[in-house]
Amino acid sequence: QVQLVESGGGLVQAGGSLRLSCAASGRTFSSLVMGWFRQTPGKEREFVAALSGGGGRTSYGDFAKGRFTISRDNAKNTAYLQMNSLKPEDTAVYYCAADSRPFRPSRRSDFGSWGQGTQVTVSS
């Protein structure tokens, strides 16, 4: 079982940036595919980005391309989501997720472990 703890959420003005962090424990971090998702009330959870264990392969939701960057530091057991040029529609609870299966760009929902989420609010 993997434990995931997100941090770094908060309130930011439109056009600003935030970096979310996800600290993982309970399993060899470098063996995990890491992902970020987001959800707003009344809507389905939305895929943001995913990253292979070694960091060489990524996938992004269409809205995230060019603005968001997923990364990881395997020495620190931590994954990150750098979010730039934020828009009010990016307001959501952002969740970190991990999965022990091999990275596949098509896997955008069924991750095995989830964090509790961190709120991101973008004001106009």
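This is a predicted model, so every value here is computed, not measured.
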Between Phe103 and Arg57, is there a cation-pi geometry (under 6.0 Å to ring centre, at most 45° from the normal)? no
When you compare the side chain of Ser100 with that of Arg27, does any pair of heavy atoms fall below 4.5 Å? yes
Below 4.5 Å, heavy atoms only, C-beta onward: do Leu86 and Asn84 meet side chain to side chain? no
Could you check whether any side-chain heavy atom of Arg38 comes within less than 4.5 Å of a side-chain heavy atom of Val120, counting everything from C-beta outward? no
Which value, rounded to the nearest 0.5 Å, describes the distance between Ser109 atom OG and Glu44 atom CD? 10.0 Å
Run the side chain to side chain donor-acceptor pair (under 3.5 Å) test on Asp73 and Thr78 for me, step by step, so that the C-alpha distance in whole Å, both residues' side-chain angles and the decisive distance to 0.1 Å come before the verdict. CA-CA 5 Å; Asp73 186 337; Thr78 302; over 6 Å; no
cation_pi(Arg101, Phe111) dist<6.0 Å, angle<=45: no
When hydrophobic residues are tied together by side-chain contacts of less than 4.5 Å, even through go-betweens, does Phe63 share a cluster with Val12? yes
In the single-linkage hydrophobic clustering (I, L, V, M, F, W, Y; side-chain heavy atoms under 4.5 Å), do Phe68 and Val122 co-cluster? yes
Closest heavy-atom pair, Trp36 versus Ala79, reported as atoms and distance to 0.1 Å, is CZ2-O, 4.0 Å
Might you point out which heavy atoms bring Leu18 and Gly8 nearest each other, and give the distance in Å? CD2-O, 3.8 Å
Under the ring pair (Phe, Tyr, Trp, His ring centres under 6.0 Å) test against Phe37, which residue among Tyr94, Phe47, Tyr95 passes? Phe47
Are Val2 and Leu51 linked, directly or through intermediate hydrophobic residues, by side-chain heavy-atom contacts shorter than 4.5 Å (ILVMFWY only)? no
d(Gln116 CD, Leu4 CG) to nearest 0.5 Å is 9.5 Å
Which is it for Ser123 and Leu11 under the side chain to side chain contact (heavy atoms under 4.5 Å, CB included) test, yes or no, and what are the steps along the way? CA-CA 7 Å; Ser123 63; Leu11 174 65; 4.2 Å; yes
Just by modelled atom types, is the Ser52 backbone N or O under 3.5 Å from a matching donor or acceptor in the Arg72 side chain? yes
Indicate the atoms forming the closest heavy-atom contact of Tyr60 with Thr69, along with that distance. OH-CA, 3.4 Å
Where is the tightest heavy-atom contact between Thr40 and Thr91, given as atom of each residue plus distance? CG2-O, 2.9 Å
Closest non-hydrogen atom pair, Val93 against Gly117: CG1-CA, 3.8 Å
Report the C-alpha separation of Met83 and Ser17 in whole Å, then their side-chain angles, then the decisive distance to 0.1 Å, and conclude whether the side chain to side chain contact (heavy atoms under 4.5 Å, CB included) test is met. CA-CA 5 Å; Met83 304 185 293; Ser17 298; over 6 Å; no
What about Leu20 and Met34, same hydrophobic cluster or not, with Ile/Leu/Val/Met/Phe/Trp/Tyr joined at side-chain heavy-atom distances under 4.5 Å? no
Look up atom CD in Glu6 and atom SG in Cys22, then write down how far apart they are to the nearest 0.5 Å. 5.5 Å
One pair to check against side chain to side chain contact (heavy atoms under 4.5 Å, CB included): Ser113 and Gln1. What are the steps and the verdict? CA-CA 7 Å; Ser113 300; Gln1 188 69 17; 4.3 Å; yes
What pair of heavy atoms forms the shortest contact from Asn74 to Gly53, and how long is it? ND2-O, 3.0 Å
With a 4.5 Å cut-off on side-chain heavy atoms, are Arg67 and Lys87 touching? yes
